[in-house]
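Each remark here refers to the structure printed beneath this line.
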Amino acid sequence: MIHMRIFGVFAIALWITMVDARFIGGRGVEKYVTFGQNYVVKWGQGHISTLHSGKEVDLYMDQSSGAGFESKNIYGSGLFQMRIKVPGGNSGGVVTAFYLTSLGSNHDEIDFEFLGNNDGKPITLQTNLFANGEGNREERFLLWFNPVKHYHTYGILWNPYQIVFYVDNIPIRVYKNQNGVNYPSKPMQVEASLWNGDAWATDGGRTKINYAYSPFIAHFQDFSGLSGCYADGRSDNVATCGSSNYWWNGGKYQRLSGYEQKVYEHMRKKYMNYDYCTDRSKYQSPPRECY
């Protein structure tokens, strides 16, 4: 059993090395970018700190407020990444989020949400999608590391062919644009936030935030991770952002490679603990994308 765990850790490390090379080949060498070059504070101005000459941003949450920031630009496709370290301690009910979202009603959204926990219980990573205002597409994972202790890279690939959620460049979820599924297509901004989700986030909402442990602090780095097609936020038409001239829309980003698929299936089998597609209390018949 010990040998199997060691092999698993080695395989993940090898995969990260291989995929890092793939992404670097796409993004190229990124110049140094500060928080203020790509992002602005959206809310909770008194609960955000910029550190190390803009290399890091901390969001704080207490009983009075949380905080959030958003990208200056609006995008129609791309690969969007952030290095994140989530609040530790007794953080039940606290949600740390990194996501894409459109403006207005019937919105589109692509989410990473870290669901806090108490008494040393593991943090749950929830992913979700909204298309034309319809959500309820949650998948949840217990990660192979503690997201409280160190920074890790979380990424969202969004193009006309698929949406891929990455953790340290490992694909953990794929949502394909096929068979007439509802698919996010509106221009979206990149956002991150720290907020009160105790109505639902931990133990189905039974665990409430204990503010005796506040302030809760979420840490963010790598503000250069915005490789995207700028879109007109006043229009729902992002067709021009589907061009194959953008590297993230190219052939190797239209589907997982054979090796990626094997790793993807392994990670989901081992670390996913909830899939809306199999939840018959939510859907008597699974949605179209589940087949």
Side-chain angles (χ1 to χ4, degrees), residues 1-2 4-20 22-23 58-59 79-100 110-129 137-157 163-175 192-195 197 200-204 207 216-222 225 256 259-279:
M1 185 65 69
I2 293 175
M4 289 297 292
R5 285 198 295 266
I6 292 173
F7 175 77
V9 171
F10 174 77
I12 291 171
L14 177 61
W15 169 250
I16 291 171
T17 301
M18 294 175 64
V19 179
D20 275 345
R22 179 187 185 207
F23 279 102
D58 287 353
L59 300 184
L79 174 66
F80 310 97
Q81 297 176 297
M82 185 76 70
R83 287 174 53 77
I84 304 170
K85 185 168 64 171
V86 304
N90 288 332
S91 60
V94 177
V95 176
T96 306
F98 173 59
Y99 55 104
L100 309 180
I110 306 171
D111 297 325
F112 277 112
E113 295 172 317
F114 300 86
L115 313 183
N117 219 330
N118 291 344
D119 303 322
K121 297 175 184 176
I123 303 289
T124 294
L125 173 61
Q126 175 170 284
T127 64
N128 198 4
L129 296 106
R137 295 179 172 91
E138 299 92 347
E139 291 184 358
R140 301 185 191 121
F141 301 82
L142 295 179
L143 296 167
W144 53 97
F145 55 82
N146 186 345
V148 168
K149 290 188 174 182
H150 302 287
Y151 282 97
H152 291 268
T153 300
Y154 304 89
I156 297 169
L157 173 69
I163 293 165
V164 184
F165 293 80
Y166 294 96
V167 177
D168 288 335
N169 294 333
I170 297 172
I172 63 166
R173 179 174 184 178
V174 176
Y175 186 88
S193 59
L194 181 65
W195 51 282
W200 61 272
T202 308
D203 300 324
T207 295
F216 306 100
I217 306 173
H219 311 270
F220 299 85
Q221 293 179 345
D222 188 6
L256 299 184
Y259 185 67
E260 284 179 303
Q261 185 69 31
K262 290 179 181 179
V263 174
Y264 164 76
E265 291 172 0
H266 169 77
M267 302 305 280
R268 289 173 65 80
K269 182 177 180 180
K270 188 167 184 179
Y271 298 106
M272 186 170 68
N273 64 356
Y274 174 81
D275 181 358
Y276 74 105
C277 285
T278 61
D279 187 346

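A distance of 6.0 Å separates OH in Y276 from CZ in R137, rounded to the nearest 0.5 Å. Rounded to the nearest 0.5 angstrom, W144 CH2 and D168 CG are separated by 6.5 Å. In this structure, CD on Q81 lies 5.5 Å from CG on N169, to the nearest 0.5 angstrom. How far CD1 of I156 is from OH of Y166: 11.5 Å, rounded to the nearest 0.5 Å. A distance of 5.0 Å separates CD in Q261 from CG in L256, rounded to the nearest 0.5 Å. The distance from atom NE2 of H219 to atom CD1 of I84, rounded to the nearest 0.5 Å, is 11.5 Å.
At distances below 3.5 Å, not a single donor-acceptor pair connects side-chain atoms of D222 with backbone N or O atoms of M82. Of the possible donor and acceptor atoms, one in the side chain of N146 sits under 3.5 Å from a partner among the backbone N and O of V148. A distance-only check finds no donor-acceptor pair linking the side chain of D111 to the backbone of F98 [under 3.5 Å].
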> Passes side-chain contact (heavy atoms from CB on, under 4.5 Å), F145 versus H152? Steps please.
Replying inline: CA-CA 9 Å; F145 55 82; H152 291 268; 3.2 Å; yes
>> Please evaluate residues E260 and V174 with respect to the criterion side-chain contact (heavy atoms from CB on, under 4.5 Å), reporting the C-alpha separation (whole Å), side-chain torsions for both, the decisive distance (0.1 Å), and the verdict.
In response: CA-CA 11 Å; E260 284 179 303; V174 176; over 6 Å; no
>> With side-chain contact (heavy atoms from CB on, under 4.5 Å) as the criterion, how do M267 and F141 come out once you've worked through the C-alpha distance, each side chain's angles and the decisive distance to 0.1 Å?
In response: CA-CA 9 Å; M267 302 305 280; F141 301 82; over 6 Å; no
> After noting the C-alpha distance and the side-chain angles of I110 and F80, does the key distance pass the side-chain contact (heavy atoms from CB on, under 4.5 Å) rule?
Replying inline: CA-CA 11 Å; I110 306 171; F80 310 97; over 6 Å; no
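Of all heavy-atom pairs between R173 and E138, the closest is NH1-C, 4.3 Å.
Evaluation of the side-chain contact (heavy atoms from CB on, under 4.5 Å) rule for Q221 yields E56, R83, Y151 as partners, not counting sequence neighbours. Scored by the ring-ring contact (aromatic ring centres under 6.0 Å, His included) test, F112 finds Y154, F165 as partners (sequence neighbours excluded). With sequence neighbours excluded, the residues forming a side-chain contact (heavy atoms from CB on, under 4.5 Å) with D279 are Y274, S281, K282, listed by chain and number. Residues meeting the side chain to side chain donor-acceptor pair (under 3.5 Å) test with Q126, sequence neighbours left out: E113, R140. Under the side-chain contact (heavy atoms from CB on, under 4.5 Å) criterion, N117 pairs with K121, T202, sequence neighbours left out. Partners of N90 under the side chain to side chain donor-acceptor pair (under 3.5 Å) rule, at least two apart in sequence or in another chain, are Y213. For T153, the side chain to side chain donor-acceptor pair (under 3.5 Å) criterion is met by no residue, not counting sequence neighbours. Listed by chain and number, the residues in a side-chain contact (heavy atoms from CB on, under 4.5 Å) with A218 are P87, T96, L194, F220 (sequence neighbours excluded).
Side-chain contact between Y264 and V164: absent, with no pair of heavy atoms (C-beta onward) separated by less than 4.5 Å. Residues R268 and D275 form a side-chain contact, since some pair of their non-hydrogen atoms from C-beta on lies under 4.5 Å apart. Between L157 and P171 there is no side-chain heavy-atom pair separated by less than 4.5 Å.
The aromatic rings of H266 and Y271 sit perpendicular, their planes meeting at an angle over 60°, well past the 30° parallel limit.
Tested against P147, the residues V86, T124, V167, L125 include a single side chain to side chain contact (heavy atoms under 4.5 Å, CB included) partner, V86.
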